[in-house]
Amino acid sequence: MTYEPRRLERKWQERWEDGGRYEADPGDDEDATFVTVPYPYPSGGMHIGHARTYTVPDVYARYRRLQGDDVLFPIAWHVTGTPIIGAVNRLQKGEEEQLSVLRDTYNVPEDELEELETPMGFARYFIENHYKRNMKSLGLSIDWRREFTTNDERYSKFVTWQYETLREDDRLEKGFHPVKYCTEEENPVTTHDLLEGEDAERQEYTLVKFGLGDTKVPMATLRPETVRGVTNAYVKPDGRYVEAEVDGETWLISHEAAHKLTLQQRDVEIVEEFSGEALVGERVENPVTGEDVLILPADFVDPDNATGVVMSVPAHSPDDWMALQAAKADEERLREYGIDPAEVAEIEPKAIIDVEAYDDVFPARAAVEEHGITSADDPALEEATQEVYNREFHAGTLKDMYGEDAGAVVEDVRDELAARYRESGQFDAMYDFSEPVVCRCGGTVEVAEQETWFLTYNDEDWKALAHEVVSEMDVVPETSRDQFDHTIDWLEEWPCIRNYGLGTKLPWDDDFVIEPLSDSTIYMAYYTIAHRIEDVPPEELTAEFFDALFDGPEAVEGEAPERALELREEWDYWYPVDYRVSGNDLISNHLTFFLFHHADLFERANWPEGVAIMGMGLLEGEKMSSSKGHVVLPAEAIEEYGADTVRFFLLNSAQPWQDYDWRADEVASTRKSLNRFYERAEEVVDLDTPAREDVELRRIDRWLLSKLQRTVETTTDAMDEFETRSASQEAFYRFEEDLRWYRKRTDTERPAATWVRQEVLCTRLRLLAPVVPFLANELHEALAGVPVEDAAWPEVDHDLVSTRVEVEEELIESLVDDVRDIVEVTGTDPESITVYTPADWKGTVFETVAETGTDVGAVMGKVMQKESLRERGDAVNDLVQDLVADVREYDDEELAALEAVDERELYADAAGFLAREFDATVDVVPEADATDEKAEQAVPFRPAIRLE
RNA sequence: GCGAGAGUGGCCGAGUGGCCAAAGGCGGCGGGCUUAAGACCCGCUCCCGUAGGGGUACGUGGGUUCGAAUCCCACCUCUCGCACCA
């Protein structure tokens, strides 16, 4: 029979479905296992990377079931927020890129595109046709009764309860927050909605309010600490500028800046408009030093960047250095603007930061010279600027004129210094992007400040609780634990609502929707009751209901709702989450939010017990990308290779937390391996099971059984740690090598060998069942009469472990290797092989070394007490040196086993095998009986060899 | 820049103080099986070597140690995350 994975997979899939195999209900397991994975976001189809994400928890779930646990593995669908709405909008507008992704990447049939034109229609399509179908084909052991979407009415009631509770706990706060805002649509937008500037950074500029009489000219800078180094300012002469009342002050800023400030909740009223030229030649007063500086004309100034007026610090900015040189050089232009060139010529850079990296008081000059920059449009100028900025930021110290800040490193003092001047009114601030940002609608996107609600992840007491969760939970891999602690420390308040999108309305203000990363922090709790809450009318799902459900009857005043208490049993049974399996990119938000919310909302006993982190996937060495069509669809992969192969490849090519690479040729070779395994297994299944009395185990049989026990042990350890790669490597590939040796070494047709092979197969199928459930169930049922999932995870049978036999086989193996080496080096094909076993006195020396340890002196002392050895002098000395080196390589158990080995008997026993292997006659001769002087080379466990 | 992770043979990838010239796979070479191809099986695949040996090697440069791919320091390179995006 050949291996036909698809046929066999359909059969098991049907059996599981019909029997509701993975529907998990509370039973009497003291420590039921609950494993979850982030619910998919069906804003598009599923690719092979997703397949792995969901298979990892499935493997663990299957493993725990074999270990006898009740296991719950549920799934649901995340539809909150704007991505799906955005996708639908793009579809409705007929955007080519979107249509191509749907048609070509995800194979949506033309006549079904229409269904996708509503958000939930769109989501439903991908849920049913991609995610659900693929998950079933992959054999995920999901309890399908519990699925829901985050747009469901009852789920919303649950989230409502969550946010009302958080508010009562003082975890929410109202305030302003910068957002990307489309000035055309007058709406906040997401990265997804952008046509240009997806990578734009939002920068917070400090505005240094230079004075022009009572009027302020705010100069934008990212380096507020350079305020004492300003020598002049620049404005774009033909730019549009305005005089505006800003929060009661008169500011001169660019026209664009005035608009931006309006969006940033500043009270702005434009008084009059003028051209930048009007400012040129004016002198403005530095609010910190009181010095007057001249405003020069410069075309490089962009009115659409921050305030459109910039201050110049030529000593520390290569850009400014070059600009000042240029200004001084172009006297004619200065005169044009009515500036006395002599006045400009007098402008001297002011050094204000010490930095060792440059051997010049003016780092800017040094950098310009080092980079050989001669003109302002040299591309190296940007590099030089960046270099100076970096060096000064990390290693620069402020000079004496900074008073109390003098000597401080820029990095340590910048923010504080800016805050201080802001406080006292000399500075201000505004946001702007680092590059133009354009919405898909064509409108300009700006930074706007919007009133919003925040989750106060910056609260110290909340952070402390979250740290406690981290310290008590299991983190796989352990190296990720620091990242959680780090994220907790770093998180500030998180705006948790949006103006529009799918999901749950903010309970006390239905203009707002709770955003996706905020409505998905405790939903694992919802899984425990998702299928049963369907029977409860939504209007009964009050705060009281959930209080009683999650906190118990005493948590509500008066009579607790009866239905809630019924559901509470289910929640009690499954919670807490044993493992949350999720991507490493989610540590910095979702996973950490998950910890915060659990810490606040649930009692300690229900805090998460573990997280397992997943790596990222590549496709043929490159990033997957659905817009480029560079994806592999699970359905196609399964059709081509079979689900077990897909699973096996995904879990065996790297540990879950490591990045992996889907390579078609490697997947194909995985398929071949499974093929081979299956065919061999079928042969073993078909053999008659020998009668017990016919079974007489030989050394090699006991060796294989011993190896099998080791395999059970290491595989179990690996599975406990989510090391799916180690587990499958061990149970599959590693053990294949043992079998190869076994087949080479012995007649596998013997009854005992048949018995051993069936025993081995049965155990391996159980070890492999979590990873390749279809194949393992099929073969196990054929072999043992029941599907593997009705069997138990194997346990180590200590009676079958024999270090002695293992050590003996190693000796035979190294004997074969040595013979092969000699054959190769000499290029001969021997007719006869003579194996000389070492003389007894050598064995005595070995025993002494084994007992005494690796101290050569001590061994020699003991050995030389024996008359018979003393007379051998140097020979003994040499042997001791060698044996000490050998012995270091073994542990105590192996040494004891070695001492018990009778080499002569062992090699004689293997003579037949050696003879077959090399097609030669084999003799085993003790050194004492040998006439060949070669025999003297024999040392314990390294017999001398003569080939002829 | 900040935070985290990583750099091993032609490629992928194990290996965290001596069993390491370094598992396994892919690719390559030779052989077997076969009418043949595929599949499968066996062996080889850093350099030198007609006896199981020696040399060089694990990003680079130092150091610790009797001994380093493995520990320490510095540097270089790469990947991911850095916030309102799920």
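Not measured: the values here are computed from a predicted model. Throughout, protein chains are lettered first and strands after them, A, B, ... in sequence-line order, and every chain is numbered starting at 1. Atoms considered below: every heavy atom in the structure, side chains included; atoms not considered: hydrogens, waters and symmetry mates.
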Using a cut-off of 4.0 Å on non-hydrogen atoms, how would the nucleic acid contact of [X] be classed: base, sugar-phosphate, or nothing?
X	answer
A:P516	sugar-phosphate
A:H78	sugar-phosphate
A:L947	base
A:Q937	base
A:P943	base
A:A944	base
A:E824	sugar-phosphate
A:R676	sugar-phosphate
A:K672	sugar-phosphate
A:R202	sugar-phosphate
A:R725	base
A:S518	nothing
A:Q658	sugar-phosphate

Using the [atom1] atoms only, state how far [M] lies from [N], rounded to an integer number of Å.
N	M	atom1	answer
B:A69	B:G7	P	15 Å
B:A57	B:U70	C1'	15 Å
B:G81	B:G17	P	32 Å
B:C58	B:A37	P	42 Å

Proximity to the side chain of [X] - top-ranked nucleotide from [options]:
X	options	value
A:R946	B:G81, B:C42, B:A51	B:A51
A:R942	B:C40, B:C80, B:G53	B:G53
A:N589	B:A14, B:C85, B:A23	B:C85
A:K744	B:A86, B:G81, B:G43	B:G43
A:V825	B:G43, B:U50, B:A14	B:U50
A:D659	B:U79, B:A86, B:A14	B:U79
A:R680	B:C82, B:A86, B:C41	B:C41
A:T826	B:C44, B:U50, B:G24	B:U50

Measure the acute angle between the ring planes of [X] and [Y], then classify it against the limits of 30° and 60° as parallel, tilted or perpendicular.
X	Y	value
A:F126	A:F122	tilted
A:Y163	A:H597	tilted
A:Y457	A:F596	tilted

Taking distance alone, no hydrogens or angles, what donor-acceptor pairs closer than 3.5 Å link side-chain atoms of residues 582-592 of chain A to residues at least two apart or in another chain?
residue : atom : partner : partner atom : Å
A:H590  : NE2  : A:S520  : O            : 3.3
A:H590  : NE2  : A:R580  : NH2          : 3.3
A:T592  : OG1  : A:I587  : O            : 2.5

Using the ring of A:Y836 (Phe, Tyr or Trp, six-membered ring only), decide whether A:R946 places NZ or CZ under 6.0 Å from its centre and within 45 degrees of its axis.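 Relative to the ring axis of A:Y836, which defines the angle, A:R946 lies outside at least one limit.
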Q. Do A:S726 and A:Q655 have side-chain atoms, one donor and one acceptor, less than 3.5 Å apart?
A.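 A:Q655 and A:S726 do have a side-chain donor-acceptor pair below 3.5 Å.
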Note to self: Can you tell me the base-pairing partner of B:G81? Count Watson-Crick or G-U wobble geometry only, both distances below 3.5 Å, and say none if there is no partner.
What the structure shows: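 When the pairing criteria are applied, B:C2 turns out to be the nucleotide that pairs with B:G81.
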Heavy-atom pair with the smallest gap, counting every atom of [X] and [Y]:
X	Y	result
A:E917	A:R820	OE2-NH2, 3.7 Å
A:R725	A:N652	NH1-O, 2.9 Å
A:Y641	A:P5	O-CG, 4.0 Å

Check your understanding: Roughly, in whole Å, what's the span from CD in A:E737 to C1' in B:G24?
Key ->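 My rounded result for the distance is 7 Å.
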Original post:
Is there a side-chain polar atom (N or O) of A:T828 under 4.0 Å from OP1 or OP2 of B:A51?
Top reply: no
Protein heavy-atom contacts under 4.0 Å, written 5' to 3' over nucleotides 5-11 of chain B as B (base), S (sugar-phosphate only) or - (none), form the string -------
Check your understanding: So, does the side chain of A:D821 form a donor-acceptor pair with the base of B:G52 at under 3.5 Å?
Key -> no
